[in-house]
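Note that the structure is a prediction, hence the values are computed from the model and not measured.
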Amino acid sequence: MSAPASGRILTLNRGSATLKAALYDVSRAVEPVLSIKIDRIDFAGTQITIKDSAGETLLESSPPRGDSEATLQLVFSWLESHKFLGNLLAAGHRLVHGGVQFQEPVKITAQVLAELEKLTPLDPDHLPAALAVIRFVTKKLPDVPQIGCFDTAFHRSMPKVARMYALPRRFFEEGVMRFGFHGLSYEYILGELRSLDGALAEGRVIIAHLGNGASMVAVRNGESVDTSMGFTPLEGLVMGTRSGDVDPGALLYLLQHGKMAAADLDECLNKHSGLLGVSGSSEDMRDLLEKSSRDERAAEAVELFCYRVKKYLGAYAAALGGVDVVVFTGGIGEKAAPVRGKICEGLEFLGIQLDPQRNQRNENVISSASSRVKVRVIETNEDLTIVRHVLRQIGRS
C-alpha cells in the first residue's frame, strides 16, 4: 500500500515506555492516514503496530531487543519503503514540559534542543526520551522541519497566585512553580466546545481529563485559571500509578526515617501508587469497576479516585465563581459512566444534575434537561492540536 501524493504531517508522542505516532494528510487532517504505536519501546518485548485509516493492520512486529533507536529505524525504514515519507512537510512532537522558557510551539533548532536538554530534570520520565526521538528524526530526515508543542503552554495564562507554592520566594524565582500539563488535550477540548456551544465555552468551564494520567483545569474566558497538576505531573488527582496529592510531611517521614531512599520513593509515587497502589491489583479503571462488587480494595480505589475529582470540581467552581459547563474527557472520562456518576452525585447544589440514561449511553450531553450546568463528554485528540500548531508554524492554513 502506498501513500497518496500530498503534503503530510507526522505527529510523535513519546511516553515513558511507549511511542504513539500518526501521519496526517493536510488536505483532510481529521483522521490519520496511518497510526503507529510502539509499546515497551525501551524494554524486552517491544511491540510495533501500524494501522491504516480504516483500522487495517499493515505491520505487526516484535523487534528482537529493546533498543529504541533500532526500533525507530525499523519503523522509519518501513515508512520509507512504502513511500509514506514522500512530501513530508514537517514533524510535530508533543513535549510534556516547556519550563518557563517555552510558552508556545517552537521550531526545533540546535539552540532550542540545547535549552530543552536543560529542562530534563523537570521531567526525567518523558523529556529525555522525546528529545532522543527529535535527534533521531533530525538524523533520518535532516531537511524536514520539526515543531515542539508543549503541554505546559496552555497554562501560561494562570495567575501568579495559582502558580506559586508557599515556599521561600527564591525557589519561585528559580522556577519552582506550578506549570500544569495536559495542555494540548485541553486546547483541543476548548476548541470543540466553542464549535458545539459557542459563547458558553467563553464562560466558566471545568474540564476533567481522566485517564491513566489524570488532571483537571478551570477555564474562564478561554484561559486556564488553575489546574490540578503542578511542578510535575505527580500533583493533584489519583491516577493509574501516580499518587496525586500527598502530605509532604509523610514523604519527609519516609525519607528521614530510612523507610525509603529518594530513588525508591520516586519509583513508588510514580509507578506503584494511585489506583494500583490502593487496589493492590490493577491501575486499569475497567478492571477495578468490574471487580469492585467483590473486591473491597478495588472499590476503595474507585471511590478515592472519584472523591478526589469531586473535591477539585468543587474547588474550581469556587475559584471560577460558579460553573457553566463541565467536560469529561480522556479514556476514563469518555467511557466510564459509573465514574462520572459517582463524581457528579451530590453536586446538585452547584447546579449539576446528570441524566442517568444519557450518562449510561455515553452521550455527548449527559446532564438532565433541568440541570443548570451543562455536562458534556468530548473525545480528546492531542494529535490534531499538534497538526494545527505545526501548520501555523510552517505557514500553511
TODO: For Phe150, enumerate each residue passing the ring-ring contact (aromatic ring centres under 6.0 Å, His included) test, keeping only those at least two apart in sequence or located in another chain.
DONE: Phe102
- [ ] Take atom CD of Glu174 as the centre, draw a 6.0 Å sphere, and report whether it contains more than 12 heavy atoms from other residues, nucleotides or ligands.
- [x] yes
- [ ] Report, as yes or no, whether the 6.0 Å neighbourhood of atom CD on Gln360 holds more than 12 heavy atoms from other residues, nucleotides or ligands.
- [x] no
Task: Aromatic ring pairing Trp78/His82, orientation class (parallel under 30°, perpendicular over 60°, tilted between) - done: parallel
Task: Pairwise distance CG(Leu74) to CG(Leu59) - rounded to 0.5 angstrom - done: 7.0 Å
- [ ] Please report the shortest heavy-atom distance between Ser215 and His182, naming the atom on each side.
- [x] OG-ND1, 2.7 Å
TODO: Kindly compute the distance separating CG (Leu113) from NZ (Lys118), expressed to the nearest 0.5 Å.
DONE: 11.5 Å
Task: Atom pair NZ (Lys271) and CZ (Arg242), whose distance is rounded to the nearest 0.5 Å - done: 9.0 Å
Open item on the list: In the structure I gave you, are the side-chain heavy atoms of His93 and Gln146 within less than 4.5 Å of one another anywhere?
Closed with: yes
Open item on the list: For Glu382 and Lys20: C-alpha separation, side-chain torsions, deciding distance, then whether salt bridge (Lys or Arg N to Asp or Glu O under 4.0 Å) applies.
Closed with: CA-CA 11 Å; Glu382 294 164 324; Lys20 296 178 182 178; over 6 Å; no
Task: SB check Asp226 Arg178 (cutoff 4.0 Å) - done: yes
Task: Under 3.5 Å donor-acceptor, Asp151 side chain and Leu184 backbone - done: yes
Task: Arg156 bridged to Glu223 by N-O distance under 4.0 Å - done: no
Open item on the list: Between Ser27 and Asp25, is there a side-chain donor-acceptor contact under 3.5 Å, judged purely by atom types and distance?
Closed with: yes
Task: Arg376: which of Ile366, Val326, Thr329, Leu193 passes side chain to side chain contact (heavy atoms under 4.5 Å, CB included) - done: Leu193
Task: Chi angles and distances behind the side-chain contact (heavy atoms from CB on, under 4.5 Å) call for Lys140, Gln73 - done: CA-CA 9 Å; Lys140 187 75 176 175; Gln73 183 63 51; 2.8 Å; yes
Task: Close side-chain approach of Phe179 to Thr232, heavy-atom, < 4.5 Å - done: no
Contacts under 3.5 angstrom, residues 255-269 side chains, donor-acceptor by atom type, not counting sequence neighbours:
{"from": "Asp266", "atom 1": "OD1", "to": "Asn270", "atom 2": "ND2", "distance (Å)": "3.1"}
{"from": "Glu267", "atom 1": "OE2", "to": "His272", "atom 2": "NE2", "distance (Å)": "3.4"}

Open item on the list: For the CD atom on Glu104, are there more than 12 heavy atoms of other groups (residues, nucleotides or ligands in this structure) within a distance under 6.0 Å?
Closed with: no
Task: Arg135 bridged to Glu117 by N-O distance under 4.0 Å - done: yes
Task: Gap between atom CG of Leu391 and atom CD1 of Ile386 - 0.5 Å precision - done: 12.0 Å
Open item on the list: Students often mix this up, so state it plainly: with edges at 30° and 60°, are the rings of Phe154 and Tyr186 parallel, tilted or perpendicular?
Closed with: tilted
Task: is_close_aromatic(Phe231, Tyr165), centroid dist under 6.0 Å - done: no
Open item on the list: Whether the side chain of His155 engages the backbone of Phe181 through a donor-acceptor N/O pair (distance < 3.5 Å, no angle test) should be reported.
Closed with: yes
Open item on the list: For Lys335, is the NZ atom crowded, meaning more than 12 foreign heavy atoms sit under 6.0 Å from it?
Closed with: yes
Open item on the list: Quick check: do Leu320 and Val225 have side-chain heavy atoms less than 4.5 Å from each other?
Closed with: yes
TODO: Evaluate the side-chain proximity of Pro32 to Leu23: yes if any heavy-atom separation is below 4.5 Å, no if none is.
DONE: no
Task: Min side-chain heavy-atom separation Arg14-Leu12 under 4.5 Å - done: no
Open item on the list: Is any side-chain heavy atom of Asp123 closer than 4.5 Å to one of Leu95?
Closed with: no
- [ ] Using a 4.5 Å cut-off on heavy atoms from C-beta on, say whether the side chain of Val33 contacts that of Tyr24.
- [x] no
Open item on the list: Are Leu167 and Met164 linked, directly or through intermediate hydrophobic residues, by side-chain heavy-atom contacts shorter than 4.5 Å (ILVMFWY only)?
Closed with: yes
Task: Worked check of side-chain hydrogen bond (donor to acceptor under 3.5 Å, both in side chains) between Thr46 and Thr71 - done: CA-CA 8 Å; Thr46 300; Thr71 300; 4.6 Å; no
TODO: Output the distance between atom CG (Asn221) and atom OG (Ser157), rounded to the nearest 0.5 Å.
DONE: 10.5 Å
Which atom pairs, donor and acceptor, lie under 3.5 Å between side-chain atoms of residues 342-353 and protein residues at least two apart or in another chain?
{"from": "Lys342", "atom 1": "NZ", "to": "Glu303", "atom 2": "OE1", "distance (Å)": "3.4"}
{"from": "Glu348", "atom 1": "OE1", "to": "Gly346", "atom 2": "N", "distance (Å)": "3.4"}

Open item on the list: Can you confirm whether Ile206 sits close enough to Met216 that some side-chain heavy atom of one is under 4.5 Å from a side-chain heavy atom of the other?
Closed with: yes
Open item on the list: Checking Lys291 against Ser279: is there a side-chain donor and acceptor pair closer than 3.5 Å?
Closed with: no
Task: CG-CD1 distance between Leu89 and Ile9, expressed to the nearest 0.5 angstrom - done: 5.0 Å
